[in-house]
Amino acid sequence: MPTEFEFIENIRRRSRHSSVKTGIGDDCAVISKDAETDLVITTDLLVEDVDFRLDWTRPEWLGHKALAVSLSDVAAMGATPKWAMLSVGVPEKIWNNGFVAGFYDGWFELAEKFGVALVGGDVSRTPDKIVIDSIVAGEAKKDKAVLRSGARPGDSIFVTGSLGGAAGGLKLLENGDRLKRFAKAPTSKEKLLLRQLRPNPQTEIGKIIGAKSLATAMIDLSDGLSSDLAHLCAESRVGARLFADKLPVDDNLKKFLMPKSAKLNSANSLSAELDFALNGGEDFELLFTADKKKISALKNALKSFDFRLIGEVTETVDRIELILANETRILPPKGFSHF
Ligand code: ADP
Ligand code: MG
């Protein structure tokens, strides 16, 4: 049986079409709209007990997350989100218990924040589990959508925000911690849980990077840094070097990780925090590459946002190095995969 990524590659080979600028293989497809504008479009499927657990979250947070994951893909194109379609399949008992109303409340709250209009969807009944399909479309200036494929050797690699928090939240949930309400001043533990349950897309940063052509390539961090950087490098036919001491590990993580037991992957000897930051999924930060000449323009344009330089693009195709204090390691992609 193929892996998830082999499966997508197989479909991709059958999908070439002349009207499509960028099809399968990026965070969104890019389609020519008119003389000034390109359309970007993305879809995400969320399946109960695979992508979320009902007893871990609230309907409003799930609605928020269903939109946030797609907004994150639009942000990764440097585009502005505009329209959405949302389809839900739910079992009858869920239909009757008020879940759907709360789910849409959370969805609309986030949609209104970014001016996204719901323009359609579908509803069906499932025998047992909830299934959600989220589609978001947006616009980029003609030929300005930021693809995964534009990184060049010598470019610097940047990441927004912090890493590993969402995976930390997932670990807490797996260990039995729960979050009942959205606190105004959350504790560290609540912050980690919220990063997992109610992630925020980097829509503003994405729009600025796109509008000012500040990045050569961009992807959002959904599977995990090691995997998503590997996707970006594969599409750009380049390699990368990451500086471990520059990675913005989530501050809240350190307080809740046991040195050994909490590791995502005990086969390596990285610290638990570093392991979460490199291989933990769903942070929904933006990872992007930029020409060194653009660094001061980037700092200026993003001065009110949190982002930092974490590495550089190299010529060695698909080789990703992790520079630690005393050694250099090859970093294998160990982020999330469904199959
Ligand atoms: P992301 O994490 O950014 O949402 P995915 O890893 O889900 O991206 O998908 C990577 C690429 O493969 C995207 O361009 C997506 O549209 C495409 N893709 C994923 N699954 C399928 C599928 N079943 N059919 C066609 N394209 C797919
Ligand atoms: Mg993505």
Side-chain angles (χ1 to χ4, degrees), residues 1-17 19-31 38-47 50-52 65-81 84-87 114 131-138 140 145-151 157-161 163 166-167 170 196 199-203 205-207 209-210 215 217-236 279-289 333-339:
M1 279 300 121
T3 65
E4 182 173 345
F5 300 108
E6 287 162 353
F7 162 76
I8 293 172
E9 275 310 308
N10 289 340
I11 301 180
R12 186 176 179 175
R13 274 194 282 276
R14 301 173 64 176
S15 73
R16 308 262 178 233
H17 200 285
S19 68
V20 177
K21 296 175 84 161
T22 302
I24 294 172
D26 217 301
D27 294 289
C28 294
V30 185
I31 297 163
D38 287 332
L39 186 75
V40 303
I41 185 158
T42 181
T43 180
D44 287 283
L45 192 61
L46 285 86
V47 177
V50 177
D51 301 296
F52 64 90
K65 184 166 179 176
L67 178 57
V69 299
S70 299
L71 289 179
S72 182
D73 280 324
V74 172
M77 307 307 288
T80 303
M85 293 201 180
L86 180 62
S87 301
F114 292 118
V131 179
I132 301 156
D133 180 41
S134 161
I135 296 175
V136 174
V146 186
L147 307 183
R148 292 180 180 178
S149 54
I157 304 175
F158 297 87
V159 73
T160 62
L163 299 172
L170 180 62
Q196 168 57 223
N200 286 313
Q202 300 306 321
T203 300
I205 298 181
K207 276 160 68 172
I209 288 173
M218 185 149 61
I219 187 170
D220 70 317
L221 295 181
S222 52
D223 297 339
L225 176 60
S226 62
S227 291
D228 291 318
L229 178 58
H231 295 321
L232 186 149
C233 284
E235 293 301 322
S236 295
N279 302 317
E282 299 198 294
D283 282 322
F284 297 109
E285 299 291 352
L286 294 174
L287 177 74
F288 59 97
T289 59
K334 283 199 187 139
F336 181 79
S337 169
H338 283 100
F339 298 104

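As the structure lists them, so they are numbered: ligands from 1, and atoms in each ligand from 1.
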Mind checking whether Met77 contacts ligand 1 via backbone (N, CA, C, O), side chain (CB onward), both or neither, at a 4.0 Å heavy-atom cut-off? neither

Which angle, to the nearest 10 degrees, do you find at the Mg ion (ligand 2) between OD1 in Asp73 and OD1 in Asp27? 100°

I want to know if ligand 1 touches Glu4 in the polar sense, i.e. an N/O pair below 3.5 angstrom. no

Per-residue contact class, Ile24 against ligand 1 - non-hydrogen pairs under 4.0 Å: both

So which atom in Glu235 and which in Ser149 form the shortest heavy-atom distance, rounded to 0.1 Å? O-CB, 3.4 Å

For the residue pair Leu286 and Phe158, establish whether any side-chain heavy-atom pair is separated by less than 4.5 Å. no

Option set Asp73, Ile8, Thr42, criterion heavy-atom distance to atom 3 (O) of ligand 1, minimum: Asp73

Which protein non-hydrogen atom lies closest to atom 2 (O) of ligand 1, naming both residue and atom, and how far is it? Ser222 OG, 3.1 Å

Begin from the C-alpha positions of Thr42 and Asp27 and carry the test side-chain contact (heavy atoms from CB on, under 4.5 Å) through to its verdict. CA-CA 7 Å; Thr42 181; Asp27 294 289; over 6 Å; no

re atom 13 (C) of ligand 1, the protein heavy-atom contact at minimum distance is Asp26 O, 3.2 Å

Can you check side-chain contact (heavy atoms from CB on, under 4.5 Å) on Phe114 and Leu71, steps first, answer last? CA-CA 9 Å; Phe114 292 118; Leu71 289 179; 3.7 Å; yes

Which residue, Lys21, Met218, Met77, forms the side chain to side chain contact (heavy atoms under 4.5 Å, CB included) with Asp26? Met77

Working note: Val30 + Leu147, criterion side-chain contact (heavy atoms from CB on, under 4.5 Å); need CA distance, chi angles, decisive distance, verdict. CA-CA 9 Å; Val30 185; Leu147 307 183; 4.1 Å; yes

How about Asp220: does one of its N, O or S atoms come closer than 2.8 Å to the Mg ion (ligand 2)? yes

Between Glu4 (side chain only) and Ser337 (backbone N and O only), is there a donor and an acceptor less than 3.5 Å apart? no

Protein contact to atom 8 (O) of ligand 1 [nearest heavy atom, distance to 0.1 Å]: Arg148 NH2, 3.9 Å

Work out which heavy atom in Thr203 is nearest to a heavy atom in Ala75; give both atom names and the distance. CA-CB, 4.0 Å

Can you tell me which portion of Asp44 lies within the under-4.0 Å heavy-atom range of ligand 1? Options are side chain, backbone, both, or neither. side chain

Can you figure out which of Phe5, Phe336, Phe7 has its heavy atom closest to atom 23 (N) of ligand 1? Phe7

With Thr289, which of Ile157, Leu229, Ile219 fulfils side chain to side chain contact (heavy atoms under 4.5 Å, CB included)? Ile157

Can you tell me the protein heavy atom closest to atom 11 (C) of ligand 1 and the distance? Gly25 N, 3.8 Å

Residue and atom name of the nearest protein heavy atom (relative to atom 24 (N) of ligand 1), distance in Å to one decimal: Ile11 CD1, 3.6 Å

